[in-house]
Amino acid sequence: MPELAEAETIRRDLGAIYVGLTIASVTVTGLRSVRRHEDPAEFAARVRGRRLSGAGRRGKYLTLELDSGDVVVAHMGMSGQLLVAAPADEVARHTHVRFAFDGGPDLRFVDPRTFGQMWVTQPVGGTIAELAHLGFDPLEDPDAEKRLEMLMSRPTKLKPLLMDQSRIVGIGNMYADEILHAAGLRPDRPASTVSATETGRLYRSMVSVLEAAIRERGSSLADEQYRDLFGRIGRYQVYHRVYAREGRPCPRCGATVTRVRTGGRSWYFCPGCQE
DNA sequence: ACAAATACCTGTAAGC
DNA sequence: TGCTTACAGGTATTTG
């Protein structure tokens with residue numbers, strides 16, 4: 001469930017709490033969460049006893065760098081949470097993986113829908129093979145604006161384009177709608193019809209929405225499924241202008257926010273000021 | 001190349 | 001009070 005802003009919030013807190021600490025033990029109780037490993041014991045054995053040397057992010061994927069050179073890659077899927085816990089704390093329902101640290105709190109992976117997963121892998125020349133298909137980061141890549149411009153020659157509709165992780169990473173259903181509203185562009189607009197001026201606006205909207213969302217520690221919706229490491233909800237949902245606001249007035253032009261369903265997914269936009 | 005539907009799961013809310 | 005249905009931020013794969 002976390003998109004870029006939520007993953008980035010988790011990454012920063014993970015780094016602050018756990019980098020430098022050694023993983024004392026790993027307990028896997030949910031086999032599906034480590035499904036890339038044939039044997040969950042192999043995952044645990046490769047991680048146990050290693051010191052965490054860094055906490056990174058590639059799109060919505062979190063990367064926990066180990067002193068062995070291995071990297072634990074984690075994706076929250078729709079419902080995954082990484083939570084700090086005291087060793088004595090009761091183990092919550094749907095807890096699939098537990099890490100105990102020397103001189104630090106436990107880290108627990110809780111994921112009811114089990115779309116999330118984690119695995120350990122060895123990067124080759126700094127590249128994680130399983131993440132090699134991912135596109136550019138809208139905030140981290142210094143050439144992000146130019147790369148976005150290059151994508152605009154395609155006939156693809158803007159929303160699926162923004163959400164395509166092989167082109168741009170980190171943007172999901174929610175932030176795609178918010179970014180397109182901020183840019184004043186309809187989600188079904190073919191990218192190839194977007195002018196240079198509009199592309200500039202799209203780029204700046206992408207940056208400003210994502211940066212603001214990170215400042216507010218991400219978005220938690222009505223179900224409050226997104227939680228940070230400490231179990232706290234985000235604050236950016238307060239600033240949402242179209243997402244999950246069907247039937248309400250657009251804060252910019254007053255027209256009624258519309259929802260259309262396609263591909264089993266909801267698209268929210270304002271028919272008044274997005275063109 | 002692109003668009004839409006489906007599969008993978010569980011939990012919750014809404015409707016009857 | 002049940003029971004059924006729709007829906008939920010993710011990715012990957014299949015079908016048209």
Side-chain angles (χ1 to χ4, degrees), chain A residues 1-10 29-36 57-62 73-82 92-96 109-119 128-135 150-181 186-193 209-210 213-214 216-228 233-247 259-268:
Chain A
M1 90 316 220
E3 303 181 29
L4 187 150
E6 291 74 27
E8 180 61 19
T9 302
I10 295 168
T29 51
L31 299 190
R32 213 178 115 74
S33 297
V34 291
R35 54 189 173 273
R36 292 193 191 226
R57 176 183 65 76
R58 188 81 181 84
K60 303 172 191 172
Y61 293 86
L62 295 164
V73 183
H75 194 294
M76 300 299 107
M78 288 277 240
S79 61
Q81 301 176 340
L82 278 172
R93 197 162 143 75
H94 303 301
T95 300
H96 305 309
F109 181 61
V110 179
D111 184 16
R113 289 178 72 184
T114 70
F115 289 166
Q117 57 168 320
M118 58 178 66
W119 71 93
I128 296 167
E130 298 91 329
L131 305 185
H133 66 287
L134 294 174
M150 296 204 302
L151 291 179
M152 287 299 147
S153 59
R154 304 188 162 270
T156 321
K157 293 173 179 177
L158 284 177
K159 174 153 169 160
L161 181 75
L162 288 181
M163 289 175 61
D164 183 345
Q165 304 299 302
S166 70
R167 293 181 171 134
I168 311 174
V169 296
I171 299 171
N173 200 40
M174 181 172 63
Y175 289 114
D177 283 351
E178 291 301 317
I179 289 166
L180 288 166
H181 178 269
R186 282 179 63 102
D188 56 356
R189 176 94 171 262
S192 51
T193 69
V209 166
L210 293 175
I214 291 170
E216 301 298 331
R217 301 183 61 83
S219 303
S220 298
L221 300 178
D223 58 10
E224 301 193 344
Q225 202 137 94
Y226 165 66
R227 301 280 176 154
D228 68 14
I233 62 172
R235 301 184 301 252
Y236 189 69
Q237 64 280 3
V238 174
Y239 301 94
H240 287 189
R241 294 174 163 228
V242 287
Y243 188 80
R245 294 175 61 85
E246 182 190 17
R259 168 166 92 151
V260 296
R261 298 208 68 234
T262 177
R265 203 108 305 171
S266 291
W267 296 15
Y268 298 92

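Reminder, nothing fancy here: chain letters follow the sequence lines and each chain counts from 1.
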query = Any ion pair linking A/Asp177 and A/Lys159 (charged N to carboxylate O, less than 4.0 Å)?
reply =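 The answer is yes: the pair qualifies as a salt bridge.
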Classify [X] by what it touches in the nucleic acid, base, sugar-phosphate, or nothing, heavy-atom distance under 4.0 Å.
X	value
A/Arg35	nothing
A/Tyr243	sugar-phosphate
A/Ser220	base

request  = Hey, could you give me the CG/CZ distance between A/Leu180 and A/Arg241, rounded to the nearest 0.5 Å?
outcome  =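 A/Leu180 CG to A/Arg241 CZ: 14.0 Å, rounded to 0.5 Å.
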Ignoring hydrogens and geometry beyond distance, is a side-chain donor-acceptor pair present between [X] and [Y] at under 3.5 Å?
X	Y	value
A/Thr9	A/Asp228	no
A/Glu6	A/Tyr175	yes
A/Arg259	A/Ser266	yes

Do side-chain atoms of [X] reach the backbone of [Y] as a donor and acceptor pair under 3.5 angstrom?
X	Y	result
A/Arg186	A/Asp188	no
A/Gln165	A/Gly170	yes
A/Thr29	A/Thr95	yes

ask   = Taking DNA chain C as the partner, which of residues 112-119 of chain A come within under 4.0 angstrom of it by heavy atom?
value =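 When residues 112-119 of chain A is checked for heavy atoms under 4.0 Å from DNA chain C, the hits, listed by number, are A/Arg113, A/Phe115.
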query = Of the options A/Arg36, A/His75, A/His96, which is the one that meets A/Gln117 in a side-chain hydrogen bond (donor to acceptor under 3.5 Å, both in side chains)?
reply =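 By the side-chain hydrogen bond (donor to acceptor under 3.5 Å, both in side chains) criterion, A/Gln117 pairs with just one of A/Arg36, A/His75, A/His96: A/Arg36.
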For [X] and [N], is the shortest distance between a side-chain N/O and OP1 or OP2 below 4.0 Å?
X	N	answer
A/Arg227	C/dG9	no
A/Ser266	C/dA8	yes
A/Arg265	B/dA5	no
A/Gln165	C/dT11	yes
A/His133	C/dT11	no

task = Among the candidates C/dG9, B/dC8, C/dC7, find the nucleotide nearest to the side-chain atoms of A/Arg32.
result =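 Of the options given, the side chain of A/Arg32 lies nearest B/dC8.
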key: Nucleotide nearest A/Arg261 (side chain, heavy atoms from C-beta), chosen from C/dG10, C/dG9, C/dC7   =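 From the listed options, C/dC7 comes nearest.
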message = Show me the dot-bracket string of DNA chain B, counting Watson-Crick or G-U pairs under 3.5 Å, with | for pairs to another strand and [ ] for crossing ones.
response = .|||||||.|||||||
ask   = What pair of heavy atoms forms the shortest contact from A/Phe109 to A/Ser33, and how long is it?
value =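 Between these two residues, the closest heavy atoms are CE2-OG, 3.7 Å.
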Short heteroatom pairs, N/O only, protein and nucleotides 1-4 of chain B, under 3.5 Å:
from  : atom 1 : to       : atom 2 : distance (Å)
B/dC2 : OP1    : A/Arg154 : NH1    : 3.3
B/dC2 : OP1    : A/Thr156 : OG1    : 3.1
B/dC2 : OP2    : A/Arg154 : NH1    : 3.4
B/dC2 : OP2    : A/Arg167 : NH2    : 2.7
B/dA3 : OP1    : A/Lys157 : N      : 3.4

